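Numbers restart at 1 for each chain; the letters A, B, ... are given by sequence-line order, proteins then strands. For clarity, every value in this text was computed on a predicted model and none was experimentally measured.
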Number of protein chains: 2
Amino acid sequence: MQAKPSSKSVNPGSAEDASGLRMTRQRQGVYRVLLAERDHPTANDVFMRVKDKLPHISLATVYNCLEVLVEHRLVRQVNFEREPSRYCPNLEEHGHFHDQHTGVIHDVKFKPGVQLGDVLDLPSGAVIEDVEINLRGQLSLA
Amino acid sequence: MQAKPSSKSVNPGSAEDASGLRMTRQRQGVYRVLLAERDHPTANDVFMRVKDKLPHISLATVYNCLEVLVEHRLVRQVNFEREPSRYCPNLEEHGHFHDQHTGVIHDVKFKPGVQLGDVLDLPSGAVIEDVEINLRGQLSLA
DNA sequence: GAATCAATTTAGAATAATTCTTGCTATTGG
DNA sequence: CCAATAGCAAGAATTATTCTAAATTGATTC
């Protein structure tokens with residue numbers, strides 16, 4: 001979590017971590033909030049939580065940090081319908097199940113060994129960069 | 001496409017088709033636009049196209065019609081990230097592949113006999129109401 | 001340690017898709 | 001025809017997100 005000192009940087013003014021990301025206080029704070037409670041908070045949820053540690057942080061900064069974390073693939077952005085985006089620090093490829101009763105979003109793992117092409121009739125020559133699987137329903141107690 | 005006359009309706013003021021939907025000129029126009037070019041247009045796209053036939057239709061009405069068509073399951077709403085919603089008259093269960101080069105959205109069929117539970121580790125007792133599968137990538141010519 | 005300079009943060013304004021409100025029109029059933 | 005309900009239009013309102021411009025930070029260089 002500490003800036004790596006480098007004798008000669010091609011990119012002056014930056015001290016980047018392994019992912020090429022400068023870990024500022026704000027980015028660290030935002031990232032920690034996501035790791036602390038993995039309940040898929042919205043940008044605004046994150047904003048309210050991170051203010052405990054960084055009372056002067058602005059909502060725009062939270063958006064900036066989230067964007068940068070997503071770009072650097074430390075965090076995934078999860079969209080359900082047109083609801084506010086939610087953020088998820090689980091980097092394994094996985095889907096999401098939105099329980100309509102409780103509002104809780106559960107991560108859903110793929111069964112081992114499953115390939116997309118086994119399941120979907122992909123257009124020939126399709127190179128998939130990103131997969132998004134969103135389920136909606138309810139958890140019956142039966 | 002024509003309202004069904006019914007001698008005694010529980011629902012006064014309505015002449016509904018099989019799906020329980022009153023097929024007004026506007027709804028018909030919007031629906032026909034979707035059937036005519038299955039290229040996943042946005043609400044605004046639909047608005048511009050339907051104006052040929054119904055020059056006085058308003059954008060709000062297009063939104064209303066699309067909403068009502070989606071509610072009655074004649075049309076599916078497709079969301080990619082936080083882009084404007086797109087609309088799709090393909091009622092078979094299917095996913096979408098968004099070609100990043102061309103912007104074209106392709107329908108993607110499931111391979112026959114595939115069950116969600118075969119592929120995903122669903123929470124026990126999960127009753128799935130709706131499945132959304134969105135892929136992003138490119139079509140390489142190789 | 002001071003100067004430099006790009007990256008980052010901030011506060012608030014701007015944007016844009018969508019929804020809401022209100023008043024009007026159309027259609028239905030009686 | 002009448003009363004009731006549904007649907008439509010126009011524009012205002014909402015809201016998540018992005019943009020802008022100015023201030024700050026912090027790594028590197030001097």
| field | Candidate nucleotides C/dT10, D/dG11, D/dT17, ranked by approach to the side chain of A/Leu59 - the nearest | value | D/dT17
| said: Checking contacts here: which listed nucleotide (C/dT27, C/dT9, D/dT17) is nearest the side-chain heavy atoms of B/Arg82? | reply: D/dT17
| task | For C/dT10, take OP1 and OP2 only and decide whether either is under 4.0 Å from a side-chain N or O of A/Gln26. | result | yes
| remark: Note: for B/Tyr63 and B/Arg25 on DNA chain C, the residue whose nearest nucleotide lies more 5' is B/Tyr63
| remark: Nearest heavy-atom approach of B/Val131 to B/Glu93 is CG2-OE2, 4.0 Å
| said: It should be established whether B/Thr61 places a side-chain nitrogen or oxygen under 4.0 Å from OP1 or OP2 of nucleotide D/dA9. | reply: yes
| message | Side chain of B/Arg22, heavy atoms from C-beta onward: which of D/dA6, C/dT10, D/dA9 has the nearest atom to it? | response | D/dA6
| Given C/dG12, D/dA16, C/dT9, which nucleotide is nearest the side-chain atoms of A/Cys65? | C/dT9
| For DNA chain C, whose closest nucleotide is more 5', that of A/Val68 or that of B/Ser85? | A/Val68
| field | Per B/Arg27 side chain, nearest of listed nucleotides C/dT9, D/dC8, D/dT17 | value | D/dC8
| Taking side chain as C-beta onward, heavy atoms only, is A/His96 less than 4.5 Å from A/His40? | yes
| said: Could you check whether A/Arg49 pairs with A/Asp39 (Lys NZ or Arg NE/NH1/NH2 to Asp/Glu carboxylate O, under 4.0 Å)? | reply: yes
| said: Using a strict threshold of under 4.0 Å (side-chain N to carboxylate O), is an ion pair present between B/Arg136 and A/Glu132? | reply: no
